[in-house]
Amino acid sequence: MSFLSAAARRIARTAPPIQWLGLIVLAIAITALLDLARFPSSLLLGPLIAGVIFGVSGASIRVPKDGFLFAQGVAGCLIGHALTPSILTEILADGPVLVASLIATLTAAAIVGWGVGRVKALPADAAAWGAMPGMAGAMVALSQDYGADSRLVAFMQYVRLACVILTTAVIARFLFGVTPAGPAGEATLIGDGRMLAATIAIALIAPFAGRLPWPPAGPMLIPLVIGALLQGSGVMTLTLPHWLLGLAYALIGFQVGLRFTRTIILVVVRSIPAVIAGSFALIILCAVSALLLVLFLDVSPVTAFLATAPGSIESMALMAIDAKADVSFVLALQTLRLFAVVLAGPWLARTICRLAVERPAP
């Protein structure tokens, strides 16, 4: 422990540019190893793992808020590039089944939040907010407004997100046999200069959208809608060269990974096993919901798993593109859940909190 503490102090004292250089080099090395192992979404996994290593080692650097919002904007453009008008058709045609799957996912999240709070691994209010699937940033902000410890909520949210991303990549690789499809953008480094400039301009809307109270996930959804409409109408073609996609993946991975600081780990060290167990329990319960989609709808297992996985909408959509899944279906169900969590999350979290602290009558 003293060795780790000394190493953390040395990293924390290192100048931020040197920390960034080390983080980027480590991320590139891990990404290359994952590529050799033919893991899907290595561009996201490599930076995430590197970010966790640096975060718990005492790194003081953080992804600038506008940089992360820009990455969400690029993710929105990438999804819009692959999206077709069939998403609305998907929601309308499969509405009852999608709603049933959505209810199953929220019920699973409620059970996990109740369980973590009941065993007192975390305070009941933090466990309730931390169990809400997707929209990690929104849940952290809302939890603070309702008096919960936002650090603990963020810890549970980002542990689950990391578990979802890692588990999804492993399952896609070894269970479904998915190998890297390569980035879904342009094969060239630059592409059409005018279209690239227009695409970047659309992605740059995201930092401004992040300051709006509505819609939820606006930094990703607004560029997605604008890009999809412009491309669908023939006005432009969204151009996403590999370097731009790599930058977006890296910023999202670093944002999640660097959240795992040594300070928060020490605060919640005793709750780590329960939080990880709860995260995997939620993944398993959502996988059961995915099985129902496979049985009742004509979707592939990997599509159903990504559609129900309790991760962030941008990470699941990016992984769906990389895994050659049905992006429209994944985005349809993830979008429905996104709005359901934002609208019903506060009420559900308060209900979970109340049930977790209630004692049975003697």
Side-chain angles (χ1 to χ4, degrees), residues 20 23-55 62-63 67-82 133-137 157-174 176 178-185 203 206 217 219-220 223-224 240-260 279 283 302-303 305-307 309-325 327 330-331 334:
W20 277 114
L23 177 63
I24 292 169
V25 169
L26 180 60
I28 292 173
I30 295 174
T31 300
L33 290 175
L34 292 171
D35 274 335
L36 288 175
R38 298 183 63 77
F39 263 85
S41 301
S42 59
L43 286 176
L44 182 62
L45 285 174
L48 186 149
I49 295 171
V52 171
I53 293 172
F54 263 65
R62 296 291 181 269
V63 175
F68 176 60
L69 294 175
F70 171 72
Q72 289 184 300
V74 174
C77 290
L78 175 59
I79 298 166
H81 178 75
M135 284 297 293
Q157 285 280 343
Y158 283 101
V159 164
R160 189 191 68 245
L161 180 55
C163 289
V164 168
I165 293 174
L166 293 170
T167 302
T168 302
V170 171
I171 290 176
R173 174 68 181 90
F174 294 109
F176 300 135
V178 174
T179 54
M220 190 198 69
L224 187 161
L240 296 143
H242 291 177
W243 66 265
L244 183 58
L245 293 177
L247 175 63
Y249 276 97
L251 289 172
I252 293 172
F254 289 154
Q255 167 76 3
V256 176
L258 289 171
R259 292 274 183 165
F260 293 89
S279 298
I283 293 171
V302 66
T303 295
F305 185 78
L306 289 169
S312 64
I313 185 172
E314 69 270 11
S315 61
M316 293 302 100
L318 291 174
M319 297 186 83
I321 292 171
D322 201 27
K324 299 180 181 178
V327 179
V330 171
L331 194 58
Q334 291 280 349

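Just the heavy atoms: all of them, side chains too, but no hydrogens, waters or symmetry mates, feed the values below.
I53 CD1 to F260 CZ: the interatomic distance, rounded to the nearest 0.5 Å, is 12.5 Å. With rounding to the nearest 0.5 Å, the separation of CG in L258 from OH in Y158 is 11.0 Å. In this structure, CG on L44 lies 12.0 Å from CG on L245, to the nearest 0.5 angstrom. Rounding to the nearest 0.5 Å places CG of L48 at 10.5 Å from CD1 of I252. Interatomic distance, OG of S279 versus CG of L166, reported as 11.0 Å (0.5 Å rounding). Annotation: the span from L78 atom CG to Y249 atom OH amounts to 5.5 Å, rounded to 0.5 Å.
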Stepwise side-chain contact (heavy atoms from CB on, under 4.5 Å) test for I49 and L26: CA-CA 9 Å; I49 295 171; L26 180 60; over 6 Å; no
If you apply the rule side-chain contact (heavy atoms from CB on, under 4.5 Å), what do you find for M319 with F305, and how did you get there? CA-CA 11 Å; M319 297 186 83; F305 185 78; over 6 Å; no
The test is side-chain contact (heavy atoms from CB on, under 4.5 Å); show your working for L247 and V74 and say whether it passes. CA-CA 9 Å; L247 175 63; V74 174; over 6 Å; no
Apply the test side-chain contact (heavy atoms from CB on, under 4.5 Å) to residues C163 and I283: give CA-CA distance (whole Å), side-chain angles for both, the deciding distance (0.1 Å), then the verdict. CA-CA 9 Å; C163 289; I283 293 171; 4.2 Å; yes
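Nearest heavy atom pair, residue D35 against residue S42, reads OD1-OG, 2.6 Å. Nearest approach of A71 to L251, heavy atoms of both residues: CB-CB, 3.8 Å. Across all non-hydrogen atoms, the minimal contact from G67 to V63 is C-CG1, 4.5 Å. Closest heavy-atom contact between A203 and C77: N-SG, 4.1 Å.
A donor-acceptor distance shorter than 3.5 angstrom exists from the side chain of Q334 to the backbone of L306, with no hydrogens or angles considered. Under the 3.5 Å distance criterion, the side-chain polar atoms of R160 are left unmatched by any main-chain donor or acceptor of G311.
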